[in-house]
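So the structure is just underneath, and the comments pick up after that.
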Amino acid sequence: LLETYPKHSYITLATLNLKDRLAALDQQLEQKQNLLSSYDGKVKPGKIDNTKNDIGRLTDEINFLKEQLAKGKQTVPLAGTLTLEFGGTSENIYAGMDEEFRRYQAALYTWFETANHAFERGCQWQNLGGIENDLSGGLFNFKSKFKPEIEEFIGEFNLPVSPLYKLSNYAYTLRKKFRSNH
């Protein structure tokens with residue numbers, strides 16, 4: 001697709017440099033440990049618990065990154081989208097993420113940057129793709145964070161081939177408006 005539509009397609013990819021992230025986490029861990037050791041008897045127990053929780057979270061992520069580095073990984077792809085543009089619309093054709101690195105929630109960042117890039121390129125509309133029919137499940141929950149406008153289609157395409165198209169489209173528009181008010 002990138003070769004077929006070189007001026008109307010792009011990939012957005014989020015990556016993580018494991019060594020850089022590990023170095024930043026090591027600094028944060030040291031700061032939290034120093035903070036914990038500096039607490040005196042006047043510090044509220046809740047603050048101590050929060051600091052201990054931070055230390056646990058940091059230690060967990062540090063161990064995870066060390067395991068990944070031991071596997072020979074250096075810079076890893078976290079999430080990406082493949083996007084095509086046509087007629088002022090940007091369509092996300094494919095999106096995916098590495099489940100092993102889900103904790104970084106890179107898909108949110110990737111989709112946000114994909115939409116920003118589409119608008120920078122002059123698109124008027126960014127299509128995030130489909131969701132489950134019953135407005136529940138993972139895709140709907142994820143995409144709802146972007147405050148989408150959900151459109152329903154009968155079948156794959158909406159082609160005006162009938163002389164009754166304008167009337168049926170008006171009825172369809174009214175139905176959508178009525179459903180969105182409830």
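Bear in mind that the values here come from a model prediction, so they are computed numbers and not experimental data.
- Shown here for R21 and L65, the closest heavy-atom pair between the two residues is CG-CD1, 3.5 Å.
- Under a hydrophobic clustering in which Ile, Leu, Val, Met, Phe, Trp and Tyr are joined whenever their side-chain heavy atoms come within less than 4.5 Å, directly or via other members, I55 and V43 fall into the same cluster.
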Fill in: Candidate pair L18 and T75, rule side-chain contact (heavy atoms from CB on, under 4.5 Å), full reasoning
CA-CA 6 Å; L18 301 182; T75 300; over 6 Å; no
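- Applying the 6.0 Å contact sphere to OH of Y39 captures more than 12 heavy atoms from other residues, nucleotides or ligands.
- In R121, the CZ atom is crowded: over 12 heavy atoms of neighbouring residues, nucleotides or ligands sit closer than 6.0 Å.
- Between F64 and F101, the ring planes are perpendicular. Angles over 60° get that label, and only those under 30° would be called parallel.
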Worksheet item: Yes or no on side-chain contact (heavy atoms from CB on, under 4.5 Å) for L13 and T15, after CA distance, side-chain angles and deciding distance?
Response: CA-CA 6 Å; L13 184 65; T15 61; 4.0 Å; yes
Worksheet item: Could you go step by step and tell me if R103 and D60 meet the salt bridge (Lys or Arg N to Asp or Glu O under 4.0 Å) rule?
Response: CA-CA 11 Å; R103 70 174 62 204; D60 179 55; 3.5 Å; yes
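- Within 6.0 Å of atom NE2 in H8, 12 or fewer heavy atoms from other residues, nucleotides or ligands are found, so the atom counts as exposed in its surroundings.
- In terms of modelled atom types and a separation under 3.5 Å, the side chain of N63 and the main chain of T59 share a donor-acceptor contact.
- The 12-atom threshold is not exceeded at OH of Y5, counting heavy atoms of other residues, nucleotides or ligands nearer than 6.0 Å.
- In this structure, K166 places its NZ atom where only 12 or fewer heavy-atom neighbours from other residues, nucleotides or ligands lie under 6.0 Å away.
- Side chain of T81 to main chain of T83: no donor-acceptor pair is present (N/O by atom type, distance under 3.5 Å, no hydrogens or angles).
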Practice prompt. List the steps, then state whether side-chain contact (heavy atoms from CB on, under 4.5 Å) holds for F86 with S9.
Written response: CA-CA 9 Å; F86 179 77; S9 62; over 6 Å; no
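- L16 and Y109 end up in different hydrophobic clusters when Ile, Leu, Val, Met, Phe, Trp and Tyr side chains are linked at under 4.5 Å.
- When the options T12, I11, L82 are evaluated for a side chain to side chain contact (heavy atoms under 4.5 Å, CB included) with T114, the one that passes is T12.
- D98 contributes a side-chain N or O that, together with a main-chain N or O of E100, makes up a donor-acceptor pair within less than 3.5 Å.
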